[in-house]
Amino acid sequence: MAGDLMNKAHTGRNIGELVYRRHRDVSFTRFGEEGLIVVPRESWQLVVNGVGARVFELLDGVRTIAEIAAQVAEEYDASSREIINDVGELLVELSDRGAAQIVTSDQ
Amino acid sequence: MSTVRVSDLIERAYDEVRPLNAQLELTYKCNLLCSFCYNAPKQLRELSGEQWIAALDKLQAAGVFTVTLTGGEPMCHREYFDIAQAVRDRALVLKTYTNGVLLADRETAERYAALAPFDTEISLHGADAATHDRLTGIGGSFDKLLIALGHLSDLGLKVTLKTPITRLNQAQLREIEQLGARLGYRVTFDTNITPTDDGDLSPLSLAADREFMVEFFVDQVRRGARGLNPRPVTKMKQNCGTGRVGLTIDPYGQIFPCVAWRRPVANILDIDDLAALWRGPNETLDYVRKVAEEVPQTTLVKHEEAAFASFCPAVAEKETGDPYAFYEAARVSGLTRLEAQRRLEGGKTALRKSQGCRGKDTGCALEDDGVKDR
Ligand SMILES: C[S@@+](CC[C@H](N)C(=O)[O-])C[C@H]1O[C@@H](n2cnc3c(N)ncnc32)[C@H](O)[C@@H]1O
Ligand code: SF4
């Protein structure tokens, strides 16, 4: 499970407590529900569904993943638990590509 | 995260009439003198850096996502780096079309790499200095380009080398490819030499000869290229995306429906709401969109070779005065591929007689990858 994968991956903390931010080089645009993320240094593009697009928009370096999941769950009328798994999966991919990074407490 | 592909999103942009890509011709100034160059500068004041940056906000509000800086030589705009930085500050995707000369300076190359461009398309006209410099008209341009490519390769930048095929470099295409490969860069060959933007047909005299082009296509397919991909003319909804998914702005601020079709839509300095202009009724846009939609069923269906042809209504208009005319260069582009296909299938050679090759179209009805700008 991606959520479990992410759990304690870097910090020993639960994913819900982590704070991520988008990398400043990354481009993003909406096409209605879907979103397109472009990472120029990797020449990489990813199409994300509505939930993924909303999560990406909310990765502001301030909100925790749990807070983002709760907000998206409310907007999409879904459970936070389901959303947090999606978020975990997306963040694994985005981190691998350098599109998002964890904000550590000393940043 | 989604089963939707990037190509589906582009199709959606087409249906929604969203100008996803903007090609900005920052300046017509240039440090080279290519004899075949399609630019047609006028005695008008070019936009300042500040004006281009203000234009970026209008473009983004209208849905633009990719900004290609071109020219002339875009790096000859005094404020190129401010404009490019403004593109990135808005989280837009940055591309540059350049002759590479100014990137021979290491500091400039580093400054450029720091912008995190998505792609940099650099023109390479020959495998040696004699050929490249003959086409660019400036001695030393090849050596500078090689230095620049070395810097960009060191800096890990994605570069696509672009070679318009001409009579003068047609014998060197393999060597050009090998040169690119040594640097780790792919070379794309442009098979279309186009008229200038004000309709001068003289660049077409440099187009590669016809028998050469047939052999070129045969060779490409034998070496594993994607094939000659005839277009399904009877099913095509449109010839190209002119006036829909992209736009071009010249150094004076004139907005055009695409890089080839120089019918002005408006001046970016005069409008506040580009989205309203692009989506609302507009005589020029309505006209070019109508032509692009009608061309497959009015013009292309009538010619067997049209499925293989690079047809551009803007070039048709420049060459004949009629955007629906199946002009000579389009015909030759179709016939050469059709002939190549026949040779590949082992069939009889059947090149029809024509009035001689004058070149081909501008490539917005893309042969290779759907949206190839020049
Ligand atoms: C006008 S240039 C601008 C960017 C830059 N100065 C350069 O040369 O790459 C854009 C591209 O168009 C190509 N080009 C110029 N004139 C052409 C013509 N008449 N037909 C086909 N391609 C042309 C150039 O080789 C270059 O790859
Ligand atoms: S093709 Fe490019 S480099 Fe050559 S003259 Fe035109 S703008 Fe300059």
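Here is the naming used below: chain letters follow the sequence lines, and residue numbers restart at 1 for every chain. Below, each value reflects all heavy atoms present in this structure, side chains not excepted, and no hydrogens, waters or symmetry copies.
- Ranked by heavy-atom pairs under 4.5 Å with chain A, the first of Ala13(B), Ala91(B), Gly63(B) is Ala91(B).
- Not one N or O on the side chain of Thr29(A) forms a donor-acceptor pair closer than 3.5 Å with the backbone of Phe65(B).
- Within a 6.0 Å sphere centred on CZ of Arg78(B), other residues, nucleotides and ligands contribute 12 heavy atoms or fewer.
- Using a 4.5 Å cut-off between heavy atoms, Arg90(B) does not touch chain A at all.
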### Task
Starting from the C-alpha separation in whole Å, work towards a yes-or-no answer on side-chain contact (heavy atoms from CB on, under 4.5 Å) for Leu9(B) and Arg30(A).
CA-CA 10 Å; Leu9(B) 298 182; Arg30(A) 280 272 194 171; over 6 Å; no

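- In this structure, CD on Glu42(A) lies 11.0 Å from CZ on Phe118(B), to the nearest 0.5 angstrom.
- Arg24(A) places none of its side-chain heavy atoms less than 4.5 Å from the side chain of Asp89(B).
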#### Entry: Worked check of side-chain contact (heavy atoms from CB on, under 4.5 Å) between Arg41(A) and Leu157(B)
CA-CA 7 Å; Arg41(A) 288 187 202 277; Leu157(B) 279 201; 5.6 Å; no

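- Leu20(B) touches chain A through its side chain: at least one heavy atom from C-beta onward sits under 4.5 Å away, while N, CA, C and O do not.
- The CZ atom of Arg12(B) lies 4.5 Å from the CD atom of Glu34(A); values are rounded to the nearest 0.5 Å.
- Heavy atoms from other residues, nucleotides or ligands lying under 6.0 Å from CZ of Arg81(A) number 12 at most.
- No side-chain heavy atom of Pro40(A) sits less than 4.5 Å from a side-chain heavy atom of Lys158(B).
- Residue Phe31(A) holds its CZ atom at 8.5 Å from CD of Glu16(B), rounded to the nearest 0.5 Å.
- The 12-atom threshold is exceeded at CD of Glu110(B), counting heavy atoms of other residues, nucleotides or ligands nearer than 6.0 Å.
- Counting non-hydrogen atoms of other residues, nucleotides and ligands closer than 6.0 Å to CD of Glu74(A) gives a total of 12 or fewer.
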